[in-house]
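Read the structure below first, then the notes.
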There are 2 protein chains.
Amino acid sequence: MIFSSELIKGTLKTIVLKLLAENKKMYGYEITQTVKEITKDRIQLTEGALYPTLHALEADGLLTTETEYIGKRVRKYYSLSPKGKTKAKERVNEFAEFIETMQDLLAIKPKLA
Amino acid sequence: MIFSSELIKGTLKTIVLKLLAENKKMYGYEITQTVKEITKDRIQLTEGALYPTLHALEADGLLTTETEYIGKRVRKYYSLSPKGKTKAKERVNEFAEFIETMQDLLAIKPKLA
DNA sequence: TTTAAATACATAATACACTTATGTATTAAT
DNA sequence: ATTAATACATAAGTGTATTATGTATTTAAA
């Protein structure tokens, strides 16, 4: 099952921030492959979504970059800035609470009453 | 905490379908209030989002409507069609799986291996 | 008693985030 | 030699929600 893109909307920044929080530095293509692996292809990060998001996070001062050359091919590594580390924790916590709230609403978890 | 609207995006239809699956018939304003209550104000359904969504679900044949008058004030009740009932289950199941996948990704739930 | 808040619908303009499509270029595999 | 994978990037289009606005009735508060 591949999730409808509607669901994934709004979680992309959270995913990127969390992956970078755990991996110190990653490059764009690596992020797409990691997400593919962990989610067993159920979440497909398209490059058209990822690269603009990385640029936006960088513009917000949450990420820093360093460019490396692998042979003649460019590789742009992203890392969390101090501000980005804080933001990563915030986002993950927010998502955890969001899940709990949605479980109340969808009664996936039985409600006390 | 009020969730960033980014997160809520894409879950609105799921929420509406699930509420109707449990309540037989509901009207728009009632849905907004029910969501407010269950989520303790953490999810705010705006009318500008809800009404167009209800109309879209109706246009898709997932909802049927009946109008009632409370005094002089109109009240439009929505119910799930058979197609809507199926869709409601699908959406809730999809969301449950989405949560699991995201938990793997965000390591909220500790990963084996 | 009149004014504000709550109930109840609706739509239009705007903003945002993602998809789809396209483009360039290098390296590895068939 | 050709295709697939790696690796970046941007532009046009779409969808979904936000914000703003509008109408009207009913209830509560000043």
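Here is the naming used below: chain letters follow the sequence lines, and residue numbers restart at 1 for every chain.
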Quick check on DNA chain C: between B/Tyr27 and A/Gly48, whose nearest nucleotide comes earlier from the 5' end? B/Tyr27

Mapping A/Thr46 and B/Ile70 onto DNA chain C by nearest heavy atom, which one lands closer to the 5' end? B/Ile70

Nearest heavy-atom approach of B/Leu17 to B/Gly84 is CD2-O, 4.3 Å

Would you mind reading off the distance between [X] atom [atom1] and [N] atom [atom2], rounded to a whole angstrom?
{"X": "A/Lys25", "N": "D/dA7", "atom1": "NZ", "atom2": "P", "value": "13 Å"}
{"X": "B/Ile31", "N": "C/dC9", "atom1": "CD1", "atom2": "C1'", "value": "13 Å"}
{"X": "B/Arg75", "N": "D/dT25", "atom1": "CZ", "atom2": "P", "value": "16 Å"}
{"X": "B/Leu12", "N": "D/dG15", "atom1": "CG", "atom2": "P", "value": "16 Å"}
{"X": "B/Ile43", "N": "D/dA17", "atom1": "CD1", "atom2": "P", "value": "12 Å"}
{"X": "A/Leu45", "N": "D/dA7", "atom1": "CG", "atom2": "C1'", "value": "15 Å"}
{"X": "A/Lys76", "N": "C/dT24", "atom1": "NZ", "atom2": "P", "value": "20 Å"}
{"X": "B/Glu47", "N": "D/dA20", "atom1": "CD", "atom2": "P", "value": "15 Å"}

Which of these nucleotides, [options], is closest to any side-chain atom of [X]?
{"X": "B/His55", "options": "C/dT7, D/dC8, C/dT11", "result": "C/dT11"}
{"X": "B/Gln33", "options": "C/dT7, D/dT6, C/dT19", "result": "C/dT7"}
{"X": "A/Tyr29", "options": "D/dA9, C/dA8, D/dA5", "result": "D/dA5"}

Taking the side chain as every heavy atom from C-beta outward, state whether B/Leu20 and B/Leu63 have any pair of such atoms under 4.5 Å apart. yes

Are the side chains of B/Tyr78 and B/Leu57 in touch, meaning some heavy atoms are under 4.5 Å apart? no

With hydrogens left out and only the distance checked, is there a donor-acceptor pair under 3.5 Å joining B/Arg73's side chain and the base of D/dT26? no

Rounded distance [0.5 Å steps], CG in A/Asp41 versus OG1 in B/Thr101: 11.0 Å

Within less than 4.0 Å of OP1 or OP2 of D/dA9, is there a side-chain N or O belonging to A/Tyr51? no

Can you tell whether the side chains of A/Lys25 and A/Glu68 come within less than 4.0 Å, N to carboxylate O? yes

